[in-house]
Novice: 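Take this structure first; my questions come after.
Values below: every heavy atom of this structure, side chains too, minus hydrogens, waters and symmetry copies.
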Amino acid sequence: QVQLVESGGGSVQAGGSLRLSCAASGRTFSGYAMAWFRQAPGKDRDFVAVIRWSDSRTTYADSVKGRFTISRDTAKNTVYLQMNSLKPEDTAVYYCAAQRYSGNWYSTGNYDYWGQGTQVTVSS
């Protein structure tokens, strides 16, 4: 059974940093892409970043480019999201997700597995 477990959320002031982790288990993830999405209250769940497990190629939403970095540790089966220069508009529940590689990163419907989410709150 595949499990994705996020951790590392919390509260921080604007300009601060947080690092989220997503521990993956239950299968091998070669041939998969791992992504982070976020959902603010009353809004849709939006794509943030994705990394291909096999070669670490990454793609980012325009809103986080230059501030967030996604990475993975194959030995630990863990994906990270380093978030710097945080803004109040980054406040959301952040979700980890996995898809068998399709090349379509942006739609939630293309992902096979989801974590439970972790809250990130950025105050001004």
Novice: Which pair of non-hydrogen atoms, one from M34 and one from C96, has the smallest distance, and what is that distance?
Specialist: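 Answer, listing the atom of M34 first, then C96: CE-SG, 4.4 Å.
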
Novice: Any disulfide bond (SG atoms under 2.5 Å apart) pairs touching residues 26-87, not counting sequence neighbours?
Specialist: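 Every pair satisfying disulfide bond (SG atoms under 2.5 Å apart) with a residue in residues 26-87: there are none.
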
Novice: V93 and G117: which non-hydrogen atoms are nearest, and at how many Å?
Specialist: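 Looks like CG1-CA, 3.8 Å.
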
Novice: Taking C-beta and beyond as the side chain, do T91 and V120 meet within less than 4.5 Å on heavy atoms?
Specialist: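 Contact flag for T91/V120 side chains = no.
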
Novice: Strictly under 6.0 Å, is that where the ring centroids of F47 and Y60 end up?
Specialist: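 No; Y60 has its ring centre 6.0 Å or more from that of F47.
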
Novice: Do side-chain atoms of D73 reach the backbone of V79 as a donor and acceptor pair under 3.5 angstrom?
Specialist: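 Checked: no pair found.
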
Novice: Hey, is the main chain of N104 close enough, under 3.5 Å, to the side chain of Q99 for a donor-acceptor pair?
Specialist: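 Side chain of Q99 to backbone of N104: a pair is present.
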
Novice: Apply the test side chain to side chain contact (heavy atoms under 4.5 Å, CB included) to residues T108 and F37: give CA-CA distance (whole Å), side-chain angles for both, the deciding distance (0.1 Å), then the verdict.
Specialist: CA-CA 8 Å; T108 57; F37 282 73; 3.7 Å; yes

Novice: Is a side-chain donor or acceptor of T78 paired with a backbone partner of K76 at a separation under 3.5 angstrom?
Specialist: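 Yes, because the side chain of T78 sits within donor-acceptor range (under 3.5 Å) of the backbone of K76.
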
Novice: Check whether the side chains of S56 and R72 place a donor and an acceptor atom closer than 3.5 Å, and report yes or no.
Specialist: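 Yes - a donor-acceptor pair under 3.5 Å links their side chains.
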
Novice: List in chain and number order the residues that pass side chain to side chain donor-acceptor pair (under 3.5 Å) with Q3, two or more places apart in sequence or in another chain; answer none if no residue qualifies.
Specialist: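 Q3: no side chain to side chain donor-acceptor pair (under 3.5 Å) contacts found.
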
Novice: Throw together a table of side-chain donor-acceptor distances under 3.5 angstrom for residues 21-33, partners on residues two or more places apart or in other chains.
Specialist:
residue	atom	partner	partner atom	Å
R27	NH1	Y32	OH	3.4

Novice: Strictly distance-based, threshold 3.5 Å: is any side-chain N or O of Q82 a donor or acceptor partner for the main-chain N or O of T69?
Specialist: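 No; judged by distance alone, with no hydrogens or angles, the pair does not exist.
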
Novice: Looking at Y111 and W105, would you say the former's side chain and the latter's main chain have a donor-acceptor pair under 3.5 Å?
Specialist: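 Such a contact is found between Y111 side chain and W105 backbone.
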
Novice: Can you sort out the partners of K65 under salt bridge (charged side-chain N to carboxylate O under 4.0 Å, His left out), two or more places apart, ordered by chain and number?
Specialist: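 In terms of salt bridge (charged side-chain N to carboxylate O under 4.0 Å, His left out), with neighbours along the sequence ignored, K65 is linked to D62.
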
Novice: Would you say the ring centroid of W36 lies under 6.0 angstrom from that of F68?
Specialist: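 Ring centres of F68 and W36 not closer than 6.0 Å.
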
Novice: Listed by chain and number, what are the side chain to side chain donor-acceptor pair (under 3.5 Å) partners of R52, not counting sequence neighbours?
Specialist: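 Listed in chain order: D55, Y101.
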
Novice: Donor-acceptor pairs under 3.5 Å, side chain of residues 10-18 to any protein atom, not counting sequence neighbours: which ones?
Specialist:
residue	atom	partner	partner atom	Å
S17	OG	N84	OD1	2.9

Novice: Spell out, as yes or no, whether a donor-acceptor pair under 3.5 Å connects the side chain of R57 to the backbone of W53.
Specialist: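 Pair absent, no side-chain N/O of R57 close to backbone of W53.
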
